[in-house]
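Before any comments, here is the structure.
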Amino acid sequence: MTVTREQMLAWLDALAGVYAENKERLTELDSAIGDADHGINMDRGFTAVKAELAAAAPADIRGILQKVATVLIKTVGGASGPLYGTFFLRAAAAAPHPEMDILAFLQAGVEGVRQRGKAEPGDKTMLDALLPALDAMRTGGLDAAAAAAEAGMRATIPMQARKGRACYLGARSVGHQDPGATSAWLMIKTAAETWRL
Amino acid sequence: MTVTREQMLAWLDALAGVYAENKERLTELDSAIGDADHGINMDRGFTAVKAELAAAAPADIRGILQKVATVLIKTVGGASGPLYGTFFLRAAAAAPHPEMDILAFLQAGVEGVRQRGKAEPGDKTMLDALLPALDAMRTGGLDAAAAAAEAGMRATIPMQARKGRACYLGARSVGHQDPGATSAWLMIKTAAETWRL
Amino acid sequence: MKKLINDPGDVVRESLAGLAAAHADILKVHFDPTYVVRADAPVKGKAGVISGGGSGHEPMHGGFVGRGMLDAACPGEVFTSPTPDQIEAATRAADGGAGVLHIVKNYTGDIMNFEMAAELCQAAGIEVRAVVIDDDVAVKDSLYTAGRRGVGTTVLAEKICGAAAERGCDLARLEELCKRVNQNGRSMGMALTSCTVPAAGKPTFDLGADEMEMGIGIHGEPGRERMPLAGARKIVERMTQAILSDLPFRATDRTIAMVNGMGGTPLLELYLVYAELERVLEAAGIGIARRLVGNYITSLDMAGCSITLLRADDEMLELWDAPVLTAGLRSGC
Amino acid sequence: MKKLINDPGDVVRESLAGLAAAHADILKVHFDPTYVVRADAPVKGKAGVISGGGSGHEPMHGGFVGRGMLDAACPGEVFTSPTPDQIEAATRAADGGAGVLHIVKNYTGDIMNFEMAAELCQAAGIEVRAVVIDDDVAVKDSLYTAGRRGVGTTVLAEKICGAAAERGCDLARLEELCKRVNQNGRSMGMALTSCTVPAAGKPTFDLGADEMEMGIGIHGEPGRERMPLAGARKIVERMTQAILSDLPFRATDRTIAMVNGMGGTPLLELYLVYAELERVLEAAGIGIARRLVGNYITSLDMAGCSITLLRADDEMLELWDAPVLTAGLRSGC
Ligand SMILES: Nc1ncnc2c1ncn2[C@@H]1O[C@H](COP(=O)(O)OP(=O)(O)O)[C@@H](O)[C@H]1O
Ligand SMILES: Nc1ncnc2c1ncn2[C@@H]1O[C@H](COP(=O)(O)OP(=O)(O)O)[C@@H](O)[C@H]1O
Ligand SMILES: [Mg+2]
Ligand SMILES: [Mg+2]
Ligand SMILES: [Mg+2]
Ligand SMILES: [Mg+2]
């Protein structure tokens, strides 16, 4: 399955809306086991992405993804900034033009997050939504990926965090859904919705 | 009407109890138009007086009143410290032994407060309880004095303060009972009760 | 009540013990009667400068004891004036033979206790001059009332007079200088929350989530008016206008400006307030020659701030720049 | 939410503008990318020392920029790590040709952003060494987690390494020194109230009127455990025991002690806490050679405190006493 430059722009545009809508919710989740800013960070980042692309969208998908990466790295900050930034940086490298293969895109991005954050599955991070999504993508396509991401996100609730701020809470981190896994699910879900093929 | 050394000690002992009981109430009143410490100040002062007298009560009334004055001046602080301190200092000067005339006592004390604080009747201070008490004492005796002090205390409610902290509130000081007028009433009332003659 | 204390009745004494332990190089604390005094007091031949008042305003006054500022300070109980015996003892400890200046904030209790102490000192042959600070523009002045409160200008007066005394200025000129600082200083304060007096155990006043108090003092007294919460810009404009119109300040005036926190407001906000103050003064053509941003004259854990502006002459500016070494304020050494 | 701010999104920028306006003699603030830098940077031939992290901890880090401490600081949004471009720009501005030390607090976000920045700097030919501070004894360390948080020891490391750099210490020795400070420093914090992130608008966590959080960090993260409110003595004993047993400290150790306020706790209480700390250490035979009492590494408007103990060697003590001139910390000049 591949997407065009226009579909990519449509997705990024949709994401800005999605993170704006979920700003409070993500921040709420981060209050419970973090420092109450994840929603604010994601909203700031993707609002900036939208503005940048509106001003001047690169001619090809790789250029677009590179721009998204640098904007996120410059504007998000925190842990999620470098992580999502690296996701798009690696995805850009993996993106041939004119069209982009979704599996290759996801594979490169998730691998980037894993390398940057050095987290393992079960550490209660965004990886717990991203890795299942990647596996499901291989076999069942985007809708399956979105469903797997959601399941992975819910699976973070009983986990005790071993990475990120939440791990400072030790056992008290159990019983809360990971904010980053939630923002990651929103990303895949939005892709499945905008790229209905 | 005169009181003996023993009656004087009984009154001072009773006052320690009265201000301990009314600590919260006086502080409450001071929160509304002052700085929330009048009850704490009075309680600290008369607790110290009680301790000092228990340790070593002077042989005559004048000595007792002088001791009360110095203890209050040293322990009460704030506006009420110098005021009540001066009250007892002047009362001491007016006290002949072996017995003490209540009217002379009250007259000297109230005059001392007036000179120290330079307040006028109607300024919403302890004087508004003390002056009526003094007048009533002349004609009707101690019970009348206590009743007059209570009326004077209530009369401070509609007044706008012109002296003390409360005057910083301007019109907002109206509608609240003056804490110092209240502690002054308690003083006269307790005298009437302990000196039942 | 949530405070890092033990028995509420011991707060002042236990805190002073910590102050003494933390700054033994600068000051000593004497108990019963209680006062804070310069480690090297009395300084022979130097006029002494002391102040005092209720506790709960830290670092004022004890934190301003040291070279170039106060020789001694008398801390009363929380929000309660110190007693005459404390003030007399502090005056004796500060007297190097050239007399002692009492910097008194205009509160009935402070005035009366310092008066009684001054009588005791004079009787003991120590020359004392008292200057009353009454700079709070929130309080309408009047002959028939206790007049204005003494607030932020007290800090500036202590720094400037302390520096002058350090240079050998005599008592008469110190008195004149302190009066001049008071005449040219104006302050206004506001509160976002009430403070809680330890011995009282609950907030002195209740303030709605969307209300603020304008024109407060430093003792948790309610202010002149309660109004809907506003942004920092509006708040600073309102406070500054009240200050500027009062003296009045004029374009081309050079000022020493203080943005002071009430104790519960973090620096992040105080610097933001300072930025707003500069904007307003620039528009009015008034220059800030020197400035102080931080918690200097506080009201326990109250959230809020006060602004103080002093129209400064060359002597004041020069004295402002002189070295000062205290727990709460240090520069030039 | 009750704060002296305008638009919550502008807090950091507006506050930095105030910092720059108030301390033009000490520092400059650059925007987009945002960093605070010494007025006289870069100091030719001197190794640079910079730090950074989320805002909301004032005076750290911007208030520690100046002679004898930091050459530059990168303030992120409130509680959000700065971004690599900010860190790279600050590093360039601080580089006098002898390389730059990055003092990084151990948070995943800070680590990753400083890592990415270091890669950019190395690519640009600037030598960078990063030392991670992880001194919080409240967090159980483990190979499988992000490890301990970096808290109070960061302030001591910035002072000591800044002084060493000022004396011409080279980058390699600075790195070694900073690691030594981190290895010998331990901290523990507690909260009486939550803080409120301006952009969030409400308290990060709810705490009952008779509850407190033990083992908090500096970002309003809930602590290790919630417990009934206790008196200052009990609280200090508990915190100090956790610190002493961790290193472990031993009798005859000489320490630099910091009693730090979280932003909403007044000095009156912090000095009282210091008195309690001295009592506990005396009993343990541990000496306090130097101390710091005040608000240095805060958590917005949170009420609470933290205690930091550094087992100091002669070099650290000598560097501690060296002159420092910053907005938030000054002595010896
Ligand atoms: N090492 C890591 N690997 C992968 N994801 C991580 C890691 N550390 C944190 N995260 C993710 O980042 C999220 C928090 O992001 P955010 O709140 O924006 O940053 P910060 O924690 O710095 O405030 C967490 O919920 C978690 O999913
Ligand atoms: N000038 C004055 N003359 C007489 N009484 C006064 C004067 N000023 C204040 N008071 C009395 O003192 C009371 C307040 O005492 P207190 O609260 O103990 O002192 P402070 O106001 O210094 O905190 C007031 O309620 C008032 O009755
Ligand atoms: Mg977060
Ligand atoms: Mg009072
Ligand atoms: Mg009082
Ligand atoms: Mg964060």
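Proteins come first, then strands; the chains are lettered A, B, ... in the order of their sequence lines, and each starts at number 1.
Other residues, nucleotides and ligands place more than 12 heavy atoms under 6.0 Å from the CZ atom of A/R62. Around NZ of D/K3, the count of heavy atoms belonging to other residues, nucleotides or ligands within 6.0 Å exceeds 12.
No part of A/E24 comes within reach of chain D, as not one of its non-hydrogen atoms sits under 4.5 angstrom from that chain. When heavy atoms are compared at a cutoff of 4.5 Å, A/T70 does not approach chain D at all. Residue A/A32 touches chain D through its backbone alone, counting heavy-atom pairs closer than 4.5 Å. Interface remark: D/D85 contributes side-chain atoms only to the contact with chain A (heavy atom separation under 4.5 Å). With a threshold of 4.5 angstrom between heavy atoms, A/I40 approaches chain D through side-chain atoms but not through N, CA, C or O. Interface remark: D/Q86 contributes no atoms to any contact with chain A (heavy atom separation under 4.5 Å). Using a 4.5 Å cut-off between heavy atoms, A/R172 contacts chain D through its side chain alone, with no backbone atom that close.
Note: A/P82 leads A/P82, A/G77, A/G164, A/A171 in heavy-atom pairs under 4.5 Å with chain D. Counting heavy-atom pairs closer than 4.5 Å to chain D, the top residue among A/A79, A/G78, A/S31, A/G81 is A/G78. No other option in D/A200, D/G53, D/G223 has as many heavy-atom pairs under 4.5 Å with chain A as D/G223.
Judged purely by atom type and a 3.5 angstrom limit, A/D35 has no side-chain atom pairing as donor or acceptor with the backbone of D/G220.
Residues of residues 74-84 of chain D lying under 4.5 angstrom from chain A, judged on non-hydrogen atoms, are D/E77, D/V78, D/F79, D/T80, D/S81, D/T83, D/P84 by number.
With rounding to the nearest 0.5 Å, the separation of CZ in D/R224 from CG in A/L169 is 8.0 Å. Taking OG1 of D/T108 as the start and CZ of A/R116 as the end, the distance is 12.5 Å to the nearest 0.5 Å. To the nearest 0.5 Å, atoms OG1 (A/T27) and NZ (D/K202) are separated by 8.0 Å.
Applying the side-chain contact (heavy atoms from CB on, under 4.5 Å) criterion to D/S194, with sequence neighbours excluded, gives D/P203, D/T204, D/F205.
In this structure, A/K118 and D/M112 have side chains that are not in contact, with every pair of non-hydrogen atoms separated by 4.5 Å or more.
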